[in-house]
There are 2 protein chains.
Amino acid sequence: MATSTDLRVSWSAVPARFRARGLRWTPQRRAVVEVLSETDGHITGAELVERCRARDAQTIPSTVYRTLDVLEELGLVRHGHGADGREEYHVGAGPEHGHLYCATCGGSWEISDAAAERIVATLAETDGFEVDLSHVTVVGRCRACDAGA
Amino acid sequence: MATSTDLRVSWSAVPARFRARGLRWTPQRRAVVEVLSETDGHITGAELVERCRARDAQTIPSTVYRTLDVLEELGLVRHGHGADGREEYHVGAGPEHGHLYCATCGGSWEISDAAAERIVATLAETDGFEVDLSHVTVVGRCRACDAGA
DNA sequence: GCCGCTACTGCAATATCTTGCAATAACATC
DNA sequence: GATGTTATTGCAAGATATTGCAGTAGCGGC
Ligand SMILES: [Mn+2]
Ligand SMILES: [Mn+2]
Ligand SMILES: [Zn+2]
Ligand SMILES: [Zn+2]
């Protein structure tokens with residue numbers, strides 16, 4: 001089966017997780033975590049900054065991005081990149097998955113578990129490479145666009 | 001077999017290719033193409049700007065990036081993204097290929113043709129998706145790092 | 001060789017993300 | 001509840017990339 005690290009998380013336990021690691025629980029980090037706890041699925045770095053700014057106009061982007069780095073180290077979020085290379089965070093979205101982006105229509109989909117499993121297995125066998133599935137972004141052309149053109 | 005659009009190109013024919021399309025051949029575009037013609041394999045957008053600036057200190061980044069867009073439309077280069085999402089251009093590098101990046105050691109490799117072929121076939125079958133192989137970047141952990149840790 | 005059309009450039013503003021550094025504020029300890 | 005340690009923040013600068021717009025200059029036609 002495909003690697004399946006579940007991202008579902010008890011946000012209420014996060015402050016304790018921070019302190020247990022010698023990290024500090026600050027108002028700025030609380031704001032980021034509150035926004036994330038209300039997010040399901042995906043959010044870009046810029047969107048997160050925007051939503052934090054909506055609650056607190058003083059929000060500083062570098063603080064938000066540094067908080068994301070910490071949350072990712074703790075395994076509470078994972079990031080990938082959109083078709084243009086921008087960061088996209090996976091939050092509370094269940095099992096790991098990669099994304100498919102259609103360059104023609106702009107649509108995006110999660111890579112099916114079946115395909116993910118085969119891709120991970122293929123690169124493990126032929127190249128000895130262990131894939132970070134959450135980070136996988138495949139750009140190309142979707143079935144609909146292929147048919148319509 | 002895997003898609004195999006060859007990028008080997010006769011740079012001397014480029015000015016005529018531009019004009020045939022109603023595009024103009026300018027000193028700025030000539031500089032970009034000259035740098036590319038001396039490049040084999042890969043170059044990031046920033047590196048290209050830097051090398052153009054080395055020949056002409058007046059080089060404007062937006063002009064370079066716009067020239068890259070045109071060259072890509074003409075099929076003379078293709079871009080992908082590094083592990084951090086930054087643009088990387090494939091130039092004169094033979095058949096299309098994707099890349100593997102080890103997040104641990106920072107190493108990078110081209111995805112083997114065998115693996116590429118299976119990945120392209122898998123996504124075509126299971127998700128009806130036609131992959132742009134040049135744009136594929138897979139991040140994870142290489143064999144050496146896996147063994148050493 | 002000149003002219004006109006319009007593709008292209010330069011520039012300034014904007015978006016996203018990172019980094020170094022000095023000042024600040026968590027929090028463990030007492 | 002005061003204190004010291006040091007993790008964290010705010011800020012400024014920088015790297016990379018995109019966009020709108022007004023002025024410039026390629027180049028096809030004469
Ligand atoms: Mn791209
Ligand atoms: Mn990344
Ligand atoms: Zn599509
Ligand atoms: Zn490695």
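These values consider heavy atoms only, across backbone and side chains, with no hydrogens, waters or symmetry-generated copies. Proteins come first, then strands; the chains are lettered A, B, ... in the order of their sequence lines, and each starts at number 1.
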Requested in this report: Name the nucleic acid region contacted by A/G22, choosing base, sugar-phosphate or nothing; use a 4.0 angstrom heavy-atom cut-off, strictly under.
Outcome: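 The residue A/G22 makes sugar-phosphate contact but no base contact.
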Applying side chain to side chain contact (heavy atoms under 4.5 Å, CB included), can you list everything that pairs with [X], at least two apart in sequence or on another chain?
X	result
A/R141	A/T104, A/C145, A/D146, A/A149, B/E130
A/S134	A/R78, A/H90, A/E96, A/D132
A/I119	A/L123, B/I119, B/L123
A/T63	A/Q28, A/I60, A/T67

Query raised in the report: Can A/R55 and A/E34 be counted as an ion pair, charged N to O under 4.0 angstrom?
Result: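 So A/R55 pairs with A/E34 through a salt bridge.
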In whole Å, what is the span from the [atom1] atom of [X] to the [atom2] atom of [N]?
X	N	atom1	atom2	value
A/L71	D/dT8	CG	P	11 Å
B/E88	D/dA17	CD	C1'	15 Å
A/R53	D/dG10	CZ	P	12 Å
A/L68	D/dT8	CG	P	14 Å

Requested in this report: Go through the structure and list residues passing ring-ring contact (aromatic ring centres under 6.0 Å, His included) with B/F129, not counting sequence neighbours.
Outcome: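 ring-ring contact (aromatic ring centres under 6.0 Å, His included) list for B/F129, sorted by chain: empty.
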Query raised in the report: Which residues pass the ring-ring contact (aromatic ring centres under 6.0 Å, His included) test with A/W25, sequence neighbours left out?
Result: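 Once residues adjacent in sequence are excluded, the partners of A/W25 under the ring-ring contact (aromatic ring centres under 6.0 Å, His included) criterion are A/F18.
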Only counting residues at least two apart or in another chain, list the ones meeting salt bridge (charged side-chain N to carboxylate O under 4.0 Å, His left out) with [X].
X	value
B/E72	none
A/E125	B/R118
B/E47	none

Polar atom pairs between nucleotides 11-16 of chain D and protein, under 3.5 Å, N or O only, would you list them?
unit_1, atom_1, unit_2, atom_2, d
D/dC11, N4, A/S62, OG, 3.4

Query - Boundaries of the chain A footprint along DNA chain C (any atom under 4.0 Å from a heavy atom) - result: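 Footprint of chain A along DNA chain C, 5' to 3': C/dT16 to C/dC27.
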Report summary line: Per-nt protein contacts along nucleotides 22-30 of chain D (heavy atom under 4.0 Å; B base, S backbone sugar-phosphate only, - none) come out as ---BBS---
Query raised in the report: Distance only, no hydrogens: is a donor on one side chain within 3.5 Å (strictly under) of an acceptor on the other, for A/H81 and B/H81?
Result: no
